[in-house]
Amino acid sequence: MNTPTALRSADDANAEARASALLNPRFYTTDFAAMDRIDVEPLRADWEALLAEFEGDNNHDHFQRDARFAAEVAEHEPAWPAELRQEFLAFLVSSLTSEFSGCVLYNEIAKRVANPDIKRLMRYMARDESRHAGFLNQSLKDFGLGVDLGELKRRKAYTFFKPKYIFYATYLSEKIGYARYITIFRQLERHPERRFHPIFRWFERWCNDEFRHGEAFALLLRANPRLLRGANTLWIRFFLLAVYATMYVRDHQRPALNAAFGLGATEYDHEVFRITNEISKQVFPLSLDIDHPAFAAGMERLAATAASLEAAKARGGLVGGWRRLTGAATGIATLVRLFLLPVRRHALPPQVRVAPAW
Ligand SMILES: [Fe+2]
Ligand SMILES: [Fe+2]
């Protein structure tokens with residue numbers, strides 16, 4: 001099993017946040033003129049109710065440290081094994097990068113579109129993601145690993161996605177973000193002795209922001225049902241698989257972190273798949289059959305292939321190069337097989353909104 005990049009200085013943390021490796025969180029840009037044409041009229045009442053929730057801003061006072069925070073860090077940190085320390089810091093950097101990725105994208109859309117509905121929504125979501133990224137960065141600064149967000153915004157590579165791909169990808173990343181945060185929170189609620197850093201106490205109200213962001217994309221997609229039909233269902237399948245597989249491989253590179261939670265990476269990821277599958281029925285007419293034995297086996301194979309690719313990279317030379325080539329071929333073949341597994345199809349419910357019930 002490989003270990004994440006060692007983060008010894010702020011330069012390391014900044015380089016890691018900027019890196020464009022396959023599994024690292026990306027920054028996105030889109031076609032703003034096409035985004036402008038998105039219409040929410042068919043779901044106007046739901047839309048206004050959701051925007052009123054954003055305006056109410058029930059988490060406006062949440063992302064501030066309390067009096068116990070510093071003492072809890074000081075109490076737990078000396079007991080962290082070296083692997084946990086590295087994996088936890090890498091987790092903070094990748095969480096910060098994905099939170100800030102949302103912030104940059106939503107801000108850019110808010111600035112560049114004229115459509116007043118989209119503009120309002122994006123402003124609220126950028127506000128939330130900016131708080132999330134800032135809160136994570138404070139914890140990195142405790143270790144001298146603060147990320148320069150202005151610099152990250154200027155220097156990181158951007159991936160272009162058409163609006164519909166932005167909708168599929170961000171809908172899923174918001175909902176999977178909710179599922180990840182709530183699963184960790186619930187586990188540590190049951191086992192407070194495993195809470196090795198105070199930031200996890202913030203995850204419950206935090207994940208409600210992510211849930212609400214996902215609701216906004218659910219409404220945008222359901223108000224434009226052509227995005228959920230025909231050939232687009234293949235794109236939905238693709239994004240479900242890409243998001244699930246990326247998470248699975250990345251989490252399996254952090255065994256010490258998951259062990260510290262008392263949740264194996266496999267158990268944790270399957271719980272996150274289950275929650276995300278359940279929620280995403282509000283908008284996607286299909287879900288991946290996560291109970292199919294070939295699904296779990298394929299995910300395992302992907303994680304093992306990623307580990308051997310890392311080992312081949314470290315080995316270098318001709319043998320390393322050959323193993324990287326065969327490893328990449330195995331990875332692609334496994335993804336194709338996973339993509340071709342039968343899916344579960346369902347009718348979309350009349351009511352789009354769902355409640356966070358996990
Ligand atoms: Fe967030
Ligand atoms: Fe979010």
Side-chain angles (χ1 to χ4, degrees), residues 17 24-30 35 47 50-51 53-65 91-110 118-140 147 149 152-153 156 159 161 163 165-185 197 199-221 239 243-244 246-247 250 272 275-276 279-280 282-283 352-356 358:
N24 287 29
R26 281 163 192 274
F27 278 20
Y28 297 97
T29 183
T30 190
M35 190 70 84
W47 180 264
L50 180 65
L51 271 278
E53 279 178 38
F54 274 109
E55 194 177 0
D57 196 7
N58 61 2
N59 268 346
H60 69 97
D61 58 349
H62 182 55
F63 293 94
Q64 281 153 24
R65 294 179 170 202
F91 166 81
L92 290 180
V93 172
S94 76
S95 303
L96 165 74
T97 312
S98 32
E99 295 284 6
F100 192 57
S101 161
C103 176
V104 169
L105 174 68
Y106 301 153
N107 229 334
E108 243 357 76
I109 299 175
I118 303 289
K119 216 178 182 59
R120 261 169 82 206
L121 169 71
M122 295 294 164
R123 279 206 187 115
Y124 288 132
M125 294 202 298
R127 167 200 76 191
D128 295 347
E129 305 300 17
S130 153
R131 282 177 192 153
H132 301 167
F135 196 67
L136 283 157
N137 214 8
Q138 277 184 48
S139 280
L140 280 165
V147 171
L149 298 176
L152 183 61
K153 183 176 172 209
K156 193 164 165 90
T159 303
F161 266 3
Y165 305 139
I166 292 277
F167 292 159
Y168 305 140
T170 44
Y171 169 75
L172 271 173
S173 76
E174 297 289 359
K175 291 301 189 188
I176 211 167
Y178 164 80
R180 289 174 64 74
Y181 285 168
I182 199 64
T183 303
I184 294 172
F185 183 84
H197 190 279
I199 200 162
F200 302 116
R201 288 198 278 115
W202 267 258
F203 274 24
E204 187 178 31
R205 283 175 61 188
W206 188 327
C207 74
N208 289 321
D209 282 351
E210 311 304 2
F211 195 90
R212 190 176 297 127
H213 300 168
E215 290 296 281
F217 288 109
L219 289 177
L220 286 172
L221 283 162
F239 277 98
V243 169
Y244 284 11
T246 306
M247 174 183 85
R250 208 162 51 193
V272 172
I275 296 174
T276 312
I279 297 171
S280 66
Q282 72 179 155
V283 60
V352 180
R353 298 285 311 270
V354 288
W358 288 269

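Count residues from 1 along the sequence. When a ligand or atom number is given, it counts from 1 through the structure's own listing order. Please read all numbers here as calculations on a predicted model, not as lab measurements.
Ring orientation note: the planes of Phe200 and Phe203 are nearly perpendicular, at an angle over 60° on the 30°/60° scale. Under the 30°/60° scheme for interplanar angles, the aromatic rings of Trp202 and Phe135 are found to be tilted.
Looking at every heavy atom in both residues, Ala179 comes nearest to Ile275 through CB-CG2, 3.8 Å.
Judged by distance alone, with hydrogens and angles left aside, the side-chain atoms of Ser101 form a donor-acceptor pair with the main-chain N or O of Arg26 at under 3.5 Å.
Within a radius of less than 2.8 Å around the Fe ion (ligand 2), the protein N, O or S atoms are Glu129 OE2, Glu174 OE1, Glu174 OE2, Glu210 OE1, His213 ND1.
In the model, Gln282 has a side-chain atom that pairs as donor or acceptor with a side-chain atom of Tyr171 under 3.5 Å.
A salt bridge links Arg127 and Asp57; the closest N-O separation between the charged side-chain nitrogens and carboxylate oxygens is under 4.0 Å.
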